[in-house]
Amino acid sequence: EPEVTQTPSHQVTQMGQEVILRCVPISNHLYFYWYRQILGQKVEFLVSFYNNEISEKSEIFDDQFSVERPDGSNFTLKIRSTKLEDSAMYFCASLIRGPKDIYNEQFFGPGTRLTVL
Amino acid sequence: DAKTTQPTSMDCAEGRAANLPCNHSTISGNEYVYWYRQIHSQGPQYIIHGLKNNETNEMASLIITEDRKSSTLILPHATLRDTAVYYCIVREGDTGFQKLVFGTGTRLLVSP
């Protein structure tokens, strides 16, 4: 069964450093998302991406964040200057948006745990 | 903000049916009820969704009351692997591309 993959599984960085989290969505999917989950808290929407542009972003997704689909297969989330409060699990998701069937839903990756020291 | 209320936690014996309730009293006519689950900090997993009719798939059944103000997710024969946090989400439309707004969910513990 096709799945969303994310790398790395765990990233440790120093405050102020830039990090890039990588996702490989399911190959024929067209919509892409990033969510995050701070330890012990809710899963929060960050951004959605379609047709090479951001469709929607949350208040969390400020100028320190950016997304890119550089080569038609990867989908990346960049945090320019990490803060302690960016420590969280970051989940990528993708969606095909086709005929109404069970696959017309967001498929999530296993997540990247980001630790900012 | 989440538009649903769910119990914080529930227990279920392995092999028994798990019935997870959800209240969504302010649901509007074009909003669907979705259920996702999250197993131990893994990515959330879609389970089922519905508008007003009861729905069933290979994972679960969804029972929506006639007034649509509440629903119940039923796992007919719970296994240990069903231990997870279950999220009831109300969302407009059924195309799936809108963002998901997660609440705190119900932590289901399935015991031997």
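Each chain gets a letter, A, B and so on, in the order the sequences are listed, and its residues count up from 1.
- Counting only residues at least two apart or in different chains, salt bridge (Lys or Arg N to Asp or Glu O under 4.0 Å) contacts with residues 50-74 of chain A comprise A:Glu56-B:Lys99.
- A:Leu95 and A:Leu30 fall within a single hydrophobic cluster, where Ile, Leu, Val, Met, Phe, Trp and Tyr are joined by side-chain heavy atoms under 4.5 Å apart, directly or via other members.
- The 12-atom threshold is exceeded at CG of A:Leu117, counting heavy atoms of other residues, nucleotides or ligands nearer than 6.0 Å.
- One hydrophobic cluster, built from ILVMFWY side chains closer than 4.5 Å, cannot hold both B:Leu80 and B:Ile39; they sit in different ones.
- The two residues B:Leu100 and A:Phe45 have their closest heavy-atom pair at O-CB, 4.1 Å.
- The neighbour count for A:Arg80 CZ, taken as heavy atoms of other residues, nucleotides or ligands under 6.0 Å away, is above 12.
- The interface of residues 85-93 of chain A with chain B, defined by heavy-atom distances below 4.5 Å, comprises A:Met89, A:Phe91.
- For A:Val67, the side chain to side chain contact (heavy atoms under 4.5 Å, CB included) partners at least two apart in sequence or on another chain are A:Trp34, A:Val47, A:Phe49, A:Ile54, A:Phe61, A:Phe75, A:Leu77.
- There is no contact between A:Tyr50 and chain B, counting heavy-atom distances below 4.5 Å.
- Following chains of ILVMFWY side-chain contacts shorter than 4.5 Å, one cannot reach B:Tyr86 starting from B:Leu109, and the two form parts of different hydrophobic clusters.
- Linking ILVMFWY side-chain heavy atoms closer than 4.5 Å, directly or via other members, places B:Leu75 and B:Met10 in a single hydrophobic cluster.
- The minimum heavy-atom distance linking B:Gly103 with A:Lys42 is given by the pair O-CG, 3.7 Å.
- Identified by a heavy-atom distance below 4.5 Å to chain B, contributing residues of residues 6-13 of chain A are lacking entirely.
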Would you please test A:Gln37 and B:Phe102 for side-chain contact (heavy atoms from CB on, under 4.5 Å) and show each step? CA-CA 10 Å; A:Gln37 186 175 32; B:Phe102 291 86; over 6 Å; no
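- The hydrophobic cluster containing B:Ile63 does not contain B:Leu51, counting ILVMFWY residues as joined when their side-chain heavy atoms lie under 4.5 angstrom apart, directly or transitively.
- The closest side-chain heavy-atom distance from B:Tyr34 to A:Glu105 is below 4.5 Å.
- Other residues, nucleotides and ligands contribute only 12 or fewer heavy atoms inside 6.0 Å of the NZ atom of B:Lys69.
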